[in-house]
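Because the structure is a prediction, the values reported are computed rather than measured. Counting starts at 1 for both ligands and their atoms, in listed order.
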Amino acid sequence: MLASSSSTAISLHPLANYNASATPSLNPSSLSFSSSYSYLSPLSFRLHSSKTHLRITPKKGLRVSCSTNEPLKVMISGAPASGKGTQCELIVQKFGLVHISTGDLLRAEISSGTEIGNKAKEFMNSGRLVPDEIVTAMVTVRLSRQDAKEKGWLLDGYPRSFAQAQSLEELNIRPDIYIVLDVPDEILIDRCVGRRLDPVTGKIYHLKNFPPESEEIKARLVTRADDTEEKVKSRLEIYKQNAAAISSTYSSITNKIDGNRPKEIIFKDIDSLLSQLLKDKTAKSVKPVLQTENCLDQASSNEEKWRGIPTRLNNIPHSREIRNYFYDDVLQATQRAVNDGRTRLKVEINIPELNPEMDVYRIGTLMELVRVIALSFADDGKRVKVCVQGSMGEGALAGMPLQLAGTRKILEFMDWGNYGAMGTFIKIGSIGAKEVDEEDDMFILVAPQNAVGNCIIDDLRAMTDAAGKRPVILINPRLKDLPGSSGIMQTMGRDKRLEYAASFESCYFFRLLYYAGTQYPIMGAIRMTYPYDYELYKRVDEPSGKEKYVSLSTFKERPTIDEINDAFLGKPRNKDKKASGIWGFLSGVF
Ligand code: AP5
């Protein structure tokens, strides 16, 4: 069936694979859909994670989601000519869902003469199913588009086999309801043979049941190539072979509807089912929606209060609001740097939950930060490889830094969103040249670090060489020298290693300042977000018991210990410095 032109579904080239009873005119605008839809070029699509949480709305796709108010997700099934397309027109009119019909998508590919279309044609013309991999790729890509995520979707003609149903299950794509239109066989054949389509409006007619409104329309109607009695019988047979296996996947949400009644009556049933579902969903989401507003209000009011640095950073665990502040801060700086063509970047952030020196260090916070960055670039159509170093060394010396233990598994099991970003736009790898594949667009390396007795830098260097001009972003690297297992510093090649480590440009830097040798109280903070200067803040306790961060100074380069001391002591710049060393916390960093 064709999508109605009034639907929000898709613009189709309607002439594919039809025996025209008149010579219809091409609608050039309709061709755009097919070309941007080829599953051979999936990079042209944006992926979105419904689970990504950000403080504000920095960019499309990754939106604040303190709650999820999900739109309707509907599947409609039934034998050929059971009236799916007819009902879909009515559903779209009333509920505004995005209509995704695999039959329409395939016909559009055929009419545009794409590779997919050429492959699909022989199957469709003989009334057989098109191979799963072609259809599944088309459907998942289409479902990942923003309109489907925002307005909800109406999936028509998919899944049509058990394997297709399983593919959706694996991607965690599940409808709220599975509608099956039930019509006796003999009626189906008559409906198919009498079906006609209007290539201009996309409307479905039937010579007897729903004749066209005017002679003009009648003259331009077309017949589908697979609407002969013989082919309908074959399609019906295939439908029956698969129907039971598919229904078993959705048995708990199946609603069978008698489709052998006037279309308005059938729609009445569907309408009441969907309206009830919508009501239930809205009721469920009322509370979270209010939370969303509160979250946003609070976030923006706190943002005012924070003046650049969130307060209460010693409160552990950090609130989601604070974590989101930093995820967003890092994300925006990283994006600016990558958009400016920078390719060797590092992010260094040591809030307590991300500071492995502290016992409140949380690997989950590091993983969330990585996920936000990776999904955001994937959202821009980039293929991102997230890499964690594997176990280093051999035999008794084998091991990996404690900070990274289990990281890879966590990354693999993390929730990367519903629509298949993981495995397509996001891949997990380790550190080394062999991890660099041609299709990768960029690399995010999670806390690469030297371990006692093992140096990661050679692997890292080989990897960046293989990556060439593609961005490599290090998140909280620790590339300073560590003693070997014998307790002696590795000196061979040390200069080169340090030079290489320094070749990564900071795109984000955040460090809390403490008195030397302590981790309490917080005295201040340094923050740098690409391409701006380093900002130095002092933490001040207010009489009300609250705290705030006061900006002391800015620096083009990362300030030295002396410069920080002077700023805290209120000394003017460039005055003779005395290395008091109270900010000795920096010694390991600079
Ligand atoms: P597709 O286009 O999906 O065809 P289909 O499922 O066979 O369904 P139809 O479009 O024929 O019928 P419909 O149920 O939409 O009925 P309609 O509303 O038009 O798929 C075509 C081909 O693509 C497949 O054979 C396959 O090769 C391939 N394909 C698609 N998806 C695939 C997948 N997932 N995997 C592999 N291959 C895939 O109504 C029919 C007629 O009845 C109309 O004339 C209408 O006016 C009339 N009518 C409708 N309702 C009523 C009513 N209540 N009373 C009287 N007449 C009515």
Which option wins on minimum heavy-atom distance to atom 11 (O) of ligand 1: Arg128, Arg195, Lys203, Lys208? Arg195
Examine ligand 1 and decide if any of its atoms is less than 4.0 Å from a heavy atom belonging to Arg261. yes
Using modelled atom types and a 3.5 Å cut-off, is there a donor and acceptor pairing between side-chain atoms of Ser167 and backbone atoms of Ala163? yes
Polar side-chain atom of Arg142 near backbone of Ile100 as donor-acceptor pair, under 3.5 Å: no
Counting from 1 in the order shown, the ligand 1 atoms closer than 4.0 Å to a non-hydrogen atom of Gly85 are 13 (P), 15 (O), 18 (O)
Run the numbers for me: atoms of ligand 1, each under 4.0 Å from some heavy atom of Met124, listed by number. 22 (C), 23 (O), 27 (O), 28 (C)
Using the six-membered ring of Phe425, assess whether NZ or CZ of Arg383 lies under 6.0 Å from its centre and within 45 degrees of the ring axis. yes
Any sub-3.5 Å donor-acceptor pair from Arg235's side-chain atoms to Glu230's backbone N or O? no
Of the listed options Arg224, Glu264, Gln164, Glu89, closest to atom 10 (O) of ligand 1 (non-hydrogen atoms): Arg224
Would you mind listing which atoms of ligand 1 come within a distance below 4.0 Å of any non-hydrogen atom of Gly83? 13 (P), 14 (O), 16 (O), 17 (P), 18 (O), 39 (O), 49 (C), 50 (N)
Any N or O of Pro159 that comes nearer than 3.5 Å to an N or O of ligand 1? no
Taking side-chain hydrogen bond (donor to acceptor under 3.5 Å, both in side chains) as the cut-off, I'd like each qualifying pair that reaches into residues 252-267, sequence neighbours left out, listed once. Arg261-Asp269
Here the atoms of ligand 1 under 4.0 Å from any heavy atom belonging to Lys263 are 53 (N)
With sequence neighbours left out, write down each residue that passes side chain to side chain contact (heavy atoms under 4.5 Å, CB included) with Ala245, or none if nothing qualifies. Phe162
Closer than 4.0 Å to some heavy atom of Val135 - which atoms of ligand 1 meet that? 33 (C), 34 (N), 35 (N), 36 (C)
Going by distance alone, is a donor N or O of one side chain under 3.5 Å from an acceptor N or O of the other, for Gln164 and Thr136? no
Consider ligand 1: state whether an atom of it lies below 4.0 angstrom from any non-hydrogen atom of Ser82. yes
Among Gly157, Pro211, Ala120, closest by heavy atom to atom 34 (N) of ligand 1 is Gly157
Quick one: which ligand 1 atoms are inside 4.0 Å of a heavy atom on Ile266? 53 (N)
Return yes when Gln87 approaches ligand 1 closer than 4.0 angstrom through a heavy atom, no otherwise. no
Which atoms of ligand 1 sit under 4.0 Å from any heavy atom of Phe210? 46 (O), 48 (N), 51 (C), 55 (C), 56 (N), 57 (C)
Spell out, as yes or no, whether a donor-acceptor pair under 3.5 Å connects the side chain of Lys149 to the backbone of Ser144. no
Does Asp440 reach the main-chain N or O of Asp437 with its side chain, forming a donor-acceptor pair under 3.5 Å? yes
If only atom types and distance count, is the side chain of Arg191 paired as donor or acceptor with the main-chain N or O of Ala81 below 3.5 Å? yes
Polar-atom distance check: Thr86 versus ligand 1, any N or O pair below 3.5 Å? yes
